[in-house]
Amino acid sequence: MAIFQHIAEQVAAATGKPFQPDAPRTLGGGSINDAFLLADGGSRWFVKLNRGVEAQEMFAAEAEGLNEMAAASEELRVPRALVWGEQGGQAYIVMQYLELGGSGGQAAMGRGLAAMHRCRRDRYGWHRDNTIGSTPQPNGEMPDWVAFWRERRLGFQLELAARNGGGRGLERAGDALMAAFPALFSDYTPVASLLHGDLWGGNAAICSDGTPTIYDPAPYYGDREADIAMTELFGGFGTDFYAAYNEAWPLEQGYAVRKNLYNLYHILNHYNLFGGGYGTQAQSMAERLLAELRA
């Protein structure tokens with residue numbers, strides 16, 4: 001395919017070394033993009049392809065996020081993006097290929113994530129928008145975390161849910177929560193930490209040499225608890241991970257309630273992507289949070 005020849009030329013230009021890869025090998029695991037391994041016997045690169053201008057923007061944001069995270073933690077091996085762009089209507093991103101399948105590494109992952117979270121800014125958000133799955137994720141920077149979460153996260157997803165037929169029950173619970181959730185931050189002001197943004201078990205792994213890695217990010221600067229909360233949403237992280245993270249940087253009092261607010265964002269996003277029972281789950285989570293706030 002012409003796209004792979006173009007990518008090979010871009011890789012050679014970026015590395016300063018000839019690159020004549022063998023036939024691309026299809027890789028599984030992605031639900032949004034097509035993934036491939038390009039290798040020439042000397043170097044190996046992970047390639048994602050998609051179509052359209054939106055995909056080009058998505059890959060450009062992913063590349064910036066990967067490289068920002070890679071520079072923030074020595075204990076995590078975040079794959080660095082090498083080149084990205086568009087050719088013949090196909091968008092692409094090329095990054096380091098990591099051999100996965102190792103064991104252990106959970107404690108190192110916890111320490112590495114804590115180190116990445118210590119990379120901070122003085123405003124919440126990021127300098128560019130990106131995506132959470134295939135949903136747009138607005139990141140316009142704001143000085144106030146409650147306002148950011150209301151406007152850029154919870155409110156944005158609730159508006160999408162209303163347009164997607166979420167129903168009056170979800171709308172009522174969402175509106176009430178929008179008014180009530182600032183109480184969770186009456187005595188807690190999080191620092192603006194560099195976040196992965198989509199840290200579930202499918203976006204983290206152990207490399208074959210035992211080094212932890214995280215990838216497929218939706219990064220921005222925000223409350224580190226949002227990353228930790230998502231690790232609990234679908235599982236996949238061991239007790240050593242949480243023990244090491246808390247040893248490096250203990251979580252604050254009130255996390256047990258705030259994590260449900262942060263995970264509601266992801267359940268709403270799942271509803272907006274996939275529909276089905278996620279709408280009912282989101283309504284139930286919102287109502288439970290309201291009950292805790294009113295108790």
Side-chain angles (χ1 to χ4, degrees), residues 69 72-73 109-127 132 137-159 170-200 218-234 237 239 241-269 281-295:
M69 291 194 309
S73 177
M109 184 177 289
R111 290 190 298 269
L113 185 65
M116 191 184 87
H117 285 165
R118 290 191 183 279
C119 182
R120 307 176 188 179
R121 295 266 178 89
D122 58 359
R123 293 169 68 87
Y124 305 101
W126 204 33
H127 69 279
I132 180 78
Q137 180 169 262
N139 290 322
E141 294 179 326
M142 301 179 73
D144 180 78
W145 176 244
V146 170
F148 179 87
W149 197 261
R150 178 188 284 119
E151 296 180 25
R152 308 280 195 254
R153 293 295 180 264
L154 185 58
F156 181 78
Q157 290 286 350
L158 285 168
E159 288 177 8
L170 176 57
E171 184 177 352
R172 283 193 297 269
D175 287 347
L177 185 60
M178 288 276 283
F181 86 81
L184 294 172
F185 301 91
S186 59
D187 55 0
Y188 171 67
T189 302
V191 299
S193 295
L194 175 58
L195 306 184
H196 177 283
D198 193 12
L199 194 55
W200 66 290
Y220 63 100
Y221 284 79
D223 186 356
R224 65 195 177 101
E225 291 183 353
D227 264 357
I228 299 300
M230 195 181 187
T231 67
E232 295 190 46
L233 185 58
F234 300 117
F237 295 81
T239 56
F241 166 83
Y242 296 106
Y245 185 94
N246 276 287
E247 182 178 358
W249 192 358
L251 293 172
E252 302 287 339
Q253 185 176 0
Y255 164 73
V257 178
R258 288 188 297 268
K259 71 178 182 181
N260 296 316
L261 174 71
Y262 294 143
N263 284 339
L264 174 59
Y265 171 70
H266 296 292
I267 295 301
L268 282 166
N269 186 50
Q281 185 179 357
Q283 180 179 335
S284 176
M285 289 177 71
E287 290 171 346
R288 188 164 60 250
L289 274 163
L290 284 167
E292 291 177 305
L293 284 164
R294 292 164 177 164

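Quick caveat: nothing in here was measured; it's all calculated off a predicted structure. Numbering starts at 1 and runs along the sequence shown.
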Interatomic distance, [X] atom [atom1] to [Y] atom [atom2] [nearest 0.5 angstrom]:
X: Met69; Y: Met116; atom1: CE; atom2: CE; result: 5.5 Å
X: Leu184; Y: Leu293; atom1: CG; atom2: CG; result: 4.5 Å
X: Leu177; Y: Leu261; atom1: CG; atom2: CG; result: 6.0 Å

Ring-ring centroid check Phe234 His266, cutoff 6.0 Å
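No; His266 has its ring centre 6.0 Å or more from that of Phe234.
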Is the distance between the ring centroids of Tyr265 and Trp149 under 6.0 Å?
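Close enough - the centres of the two rings lie under 6.0 Å apart.
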Check the pair Val146 / Phe181 against side chain to side chain contact (heavy atoms under 4.5 Å, CB included), numbers first and verdict last.
CA-CA 8 Å; Val146 170; Phe181 86 81; 4.0 Å; yes
Report the C-alpha separation of Tyr242 and Thr231 in whole Å, then their side-chain angles, then the decisive distance to 0.1 Å, and conclude whether the side chain to side chain contact (heavy atoms under 4.5 Å, CB included) test is met.
CA-CA 10 Å; Tyr242 296 106; Thr231 67; 2.9 Å; yes
[X] and [Y]: which non-hydrogen atoms are nearest, and at how many Å?
X: Leu194; Y: Ala72; value: CD2-CB, 3.8 Å
X: Glu141; Y: Arg123; value: O-NH2, 3.2 Å
X: Arg224; Y: Pro250; value: NH2-O, 2.6 Å
X: Met285; Y: Asn263; value: CE-C, 3.8 Å
X: Ala229; Y: Tyr262; value: CB-CB, 4.1 Å
X: Asn246; Y: Leu251; value: OD1-N, 3.1 Å

Using the salt bridge (Lys or Arg N to Asp or Glu O under 4.0 Å) definition, which of the options Glu252, Glu232, Glu225 pairs with Arg258?
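So the option named by the test is Glu225.
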[Y] and [X], any side-chain heavy atoms less than 4.5 Å apart:
X: Leu195; Y: Met230; result: no
X: Tyr220; Y: Arg152; result: no
X: Leu113; Y: Leu199; result: yes
X: Lys259; Y: Ile228; result: no

Check whether any side-chain N or O of [X] sits under 3.5 Å from a backbone N or O of [Y] as a donor-acceptor pair, and report yes or no.
X: Tyr124; Y: Pro190; answer: yes
X: Arg153; Y: Phe148; answer: no
X: Ser73; Y: Ala115; answer: no
X: Asp223; Y: Val191; answer: no

Let me see the working for Asp227 and Tyr245 under side chain to side chain contact (heavy atoms under 4.5 Å, CB included), right down to the final yes or no.
CA-CA 12 Å; Asp227 264 357; Tyr245 185 94; over 6 Å; no
What residues, two or more places apart in sequence or in another chain, satisfy side-chain hydrogen bond (donor to acceptor under 3.5 Å, both in side chains) together with Gln283?
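For Gln283 the side-chain hydrogen bond (donor to acceptor under 3.5 Å, both in side chains) partners, ignoring immediate neighbours, are Glu287.
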Yes or no on side chain to side chain contact (heavy atoms under 4.5 Å, CB included) for Phe237 and Met109, after CA distance, side-chain angles and deciding distance?
CA-CA 9 Å; Phe237 295 81; Met109 184 177 289; 3.7 Å; yes
Could you tell me how the ring of Trp249 sits relative to the ring of His117: parallel (under 30°), tilted (30 to 60°) or perpendicular (over 60°)?
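Perpendicular: the ring planes of Trp249 and His117 meet at over 60°.
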